[in-house]
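Single-structure report; data block below.
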There are 2 protein chains.
Amino acid sequence: MNFYHSDNPASKCSVCVLGQFCLPVGITASDISKIDTLVKERVHLKKGESLYRHGDPLSSVYSVRFGTLKTEYALEDGRQQVIGFHLPGEIIGLDGIGEGQYQSEAIAVEESEVCIIRYEAFEDLARQIPALQQQFHRILSRELTQDQRHLLSLGTMRAEERLAAFLLNLSQRLAARGYLNHEFDLPMSRVEIASYLGIQIETVSRMLSRFAESGLVQIKQRHIKLIDVDGLYELAGIPNPERARILKKIP
Amino acid sequence: MNFYHSDNPASKCSVCVLGQFCLPVGITASDISKIDTLVKERVHLKKGESLYRHGDPLSSVYSVRFGTLKTEYALEDGRQQVIGFHLPGEIIGLDGIGEGQYQSEAIAVEESEVCIIRYEAFEDLARQIPALQQQFHRILSRELTQDQRHLLSLGTMRAEERLAAFLLNLSQRLAARGYLNHEFDLPMSRVEIASYLGIQIETVSRMLSRFAESGLVQIKQRHIKLIDVDGLYELAGIPNPERARILKKIP
DNA sequence: CGTTGCATTGACTGAGATCAATAACTGTGG
DNA sequence: CCACAGTTATTGATCTCAGTCAATGCAACG
């Protein structure tokens, strides 16, 4: 882990390209300068390094600057699962607020960098800037919704559907960040995908091969190209939000 | 749905026996009176009635006064799953904050009553009372942790383990509310349990019968008596928090 | 160019789903 | 109070998806 301290303008929240994700909308210039003072440090993580571990006291929450992190949750008997993958602009460490210590472990899936947001200072500032407080609540709430969608996937979907939904979700999130969304590199390994989806690595492999056979995707190792997006959506059992649906079901 | 409006003292948050769950600790007398003004209305729900539905605009969050509610999350193709059961003192509706409309549907599993907390007024008040704001963040964060534990259950545990963990979790939550925790009535049906655990109703039935055969529990319909709590914990693959563990693992 | 880690593919197995029948309870009205 | 319908739960028989075990393939790297 590599810490940075910086006052140079390029590290300011207000000029960060991710502002759309981690900054609240509709705040004044003076608010912005306050927010800028909040984030003075960053951490650089090499692949496999932990940002925090289960049980570490909560001092900060973190905003991903670049790279990808996974959060893992462990059962007392040693079994563990990847709970989430976190892309640039997303906030992690929120599960530490409840008990004052992180409940999960956050690990870099690839080389990554995160902004450190001192939690106490943040909470104070949120009280002063209503828009910031509201945005924080929205972030927490969306996190809940995200987990609930994931629950639905693990509870009701078959392996094939889970994987299709996973690829599409990743694609959507990449698109929202302005990346190519129909062709990208998976930052995570098959093991990590399998763990996240609650299936075995062999099943991930088989399903990906099957998708490729069916002409839904092209895969070369971790490089993936979505060919038939509609087909994937259909397979996942969810409607394609990329095309406005004019048709209604006629019963 | 039956609305109440009330200024009578018995309906005040400050005297509600659930205060320990929904009120922040360490607040002043004047804060208490402000909080009391926040919750003026309650809703009475008969079994099966919805408190809110997916897509309803968020106006309030709710605190369960008595009874049990379930929240269900639906997939676009009609599949749906019970995401959580909510006991007295727990807050529901938080998933509505992110998008300004509820993402799930909340339904009474048995006759229930909830306090209405107008969300905008609550957010304002939270800004004025730091302890309230902190408590709210803790509640949101614990909700996240709860969902993550649930994810782990659906992702890595076998049916048997999920059911054992479910019974123990319910028992713990009842104990925290001062109820009998080793003998109680399940408020929810087998269908609802199965949905929550991501398994089939027949499997729930079979596993319960198996638990009874093994002398772990006694079951008569929805009435359940935990006989061998340690055995259940072992089966669930989690340590028993009810007995302080002096022993350490010797490698 | 072997070694090491990650991914794919095949053969077999098993936990839990599905289908089906029965049993037990709940509530209703005569 | 009983009969009946309707719901909810249990139990059995069979099937299937995905897990497990095992072998092979493929990159990257010292």
Side-chain angles (χ1 to χ4, degrees), chain A residues 46-48 68 70 79 81-82 107 109-111 153-167 185-214 216-224 235-237, chain B residues 46-48 68 70 79-82 107 109-111 153-167 185-214 216-225 235-237:
Chain A
K46 289 205 284 282
K47 178 175 171 173
T68 311
K70 62 177 173 182
R79 280 181 288 186
Q81 184 174 359
V82 174
I107 303 167
V109 153
E110 58 180 340
E111 186 168 15
S153 155
L154 299 197
T156 69
M157 288 177 146
R158 289 177 308 112
E160 200 178 47
E161 299 172 308
R162 292 184 207 183
L163 187 58
F166 169 73
L167 293 176
D185 284 302
L186 294 168
M188 66 292 284
S189 69
R190 301 287 192 270
V191 176
E192 288 162 336
I193 296 174
S195 170
Y196 178 77
L197 296 177
I199 57 183
Q200 289 315 109
I201 170 178
E202 293 92 333
T203 305
V204 173
S205 214
R206 271 186 256 273
M207 295 300 152
L208 280 177
S209 303
R210 193 190 292 178
F211 287 179
E213 272 174 48
S214 319
L216 293 165
V217 301
Q218 279 173 15
I219 309 163
K220 194 192 250 181
Q221 297 294 119
R222 295 201 180 178
H223 189 83
I224 190 154
L235 189 62
Chain B
K46 288 205 283 282
K47 178 176 171 172
T68 311
K70 63 177 173 183
R79 282 182 288 186
Q80 57 179 44
Q81 185 174 359
V82 174
I107 304 166
V109 153
E110 59 181 339
E111 186 167 15
S153 157
L154 299 197
T156 70
M157 289 177 145
R158 291 178 306 114
E160 200 179 48
E161 299 173 309
R162 291 183 207 183
L163 187 58
F166 169 73
L167 293 176
D185 285 301
L186 295 168
M188 66 291 284
S189 69
R190 300 288 192 269
V191 176
E192 288 161 336
I193 295 174
S195 170
Y196 178 77
L197 297 177
I199 56 183
Q200 289 314 110
I201 171 179
E202 292 94 330
T203 305
V204 172
S205 215
R206 272 186 255 273
M207 296 300 152
L208 281 177
S209 302
R210 193 191 291 180
F211 288 179
E213 270 174 49
S214 320
L216 293 165
V217 302
Q218 278 173 17
I219 310 163
K220 195 190 248 180
Q221 294 296 118
R222 296 202 182 178
H223 189 82
I224 190 154
K225 190 170 174 180
L235 189 63

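Note: hydrogens, waters and symmetry copies are ignored here, and every other heavy atom, side chains too, is used. In this text the structure is predicted, and so the values were computed from the model without any measurement. Here is how names work: the chains are called A, B, and so on, in the same order as the sequence lines, proteins then strands, and each is numbered from 1.
Here the shortest heavy-atom pairing between B:Gly198 and B:Leu154 reads N-CD2, 4.1 Å. The two residues A:Ile219 and A:Ala212 make their nearest non-hydrogen contact at CD1-CB, 4.4 Å.
Taking 3.5 Å as the limit, the base of D:dT7 and the side chain of B:Arg190 contain no donor-acceptor pair of atoms between them. A donor-acceptor contact under 3.5 Å is formed by the side chain of B:Arg206 with the base of D:dG12. With hydrogens and angles ignored, a donor-acceptor pair closer than 3.5 Å exists between the side chain of B:Glu202 and the base of C:dC19.
Atom pair A:Arg158:CZ and D:dA18:P shows a separation of 6 Å (rounding to whole Å applied). Between A:Arg210 atom CZ and C:dT9 atom C1' there is a gap of 13 Å when expressed in whole angstrom units. In this structure, A:Glu161 places its CD atom 12 Å from P of D:dC17, rounding to the nearest Å. One can place CD1 of A:Ile224 at 14 Å from C1' of C:dA7, the figure rounded to the nearest angstrom. Put simply, CD1 on A:Ile193 is 9 Å from P on C:dT8, counting in whole angstrom units. Note: CG (B:Leu186) to P (C:dC25) measures 15 Å, nearest angstrom. Rounded to whole Å, atom C1' of D:dA27 lies 17 Å from atom NE2 of A:His223. One interatomic measurement links the two molecules: CZ of A:Arg162 to C1' of D:dG19, which rounds to 12 Å at whole-angstrom precision.
Closest to the B:Thr203 side chain, of the nucleotides C:dC19, C:dG16, D:dT20, is C:dG16. The side chain of B:Ser205 lies closest to D:dT11 when the candidates are C:dT8, D:dT20, D:dT11. The listed nucleotides are D:dT20, C:dA7, C:dT9; the one nearest the side chain of A:Gln200 is D:dT20. Distances from the side chain of B:Ala159 to the nucleotides C:dA7, C:dG16, C:dC25 place C:dG16 closest. Of the candidates C:dA17, D:dT11, C:dT9, the closest approach to any side-chain atom of B:Ile199 belongs to C:dA17.
The backbone N or O of B:Val109 sits nowhere less than 3.5 Å from a side-chain atom of B:Thr68 that would complete a donor-acceptor pair. A donor-acceptor distance shorter than 3.5 angstrom exists from the side chain of B:Arg162 to the backbone of B:Met157, with no hydrogens or angles considered.
Each of A:Gln221, A:Lys220, A:His223 was scored for a side chain to side chain donor-acceptor pair (under 3.5 Å) with A:Asp185, with one residue passing: A:His223.
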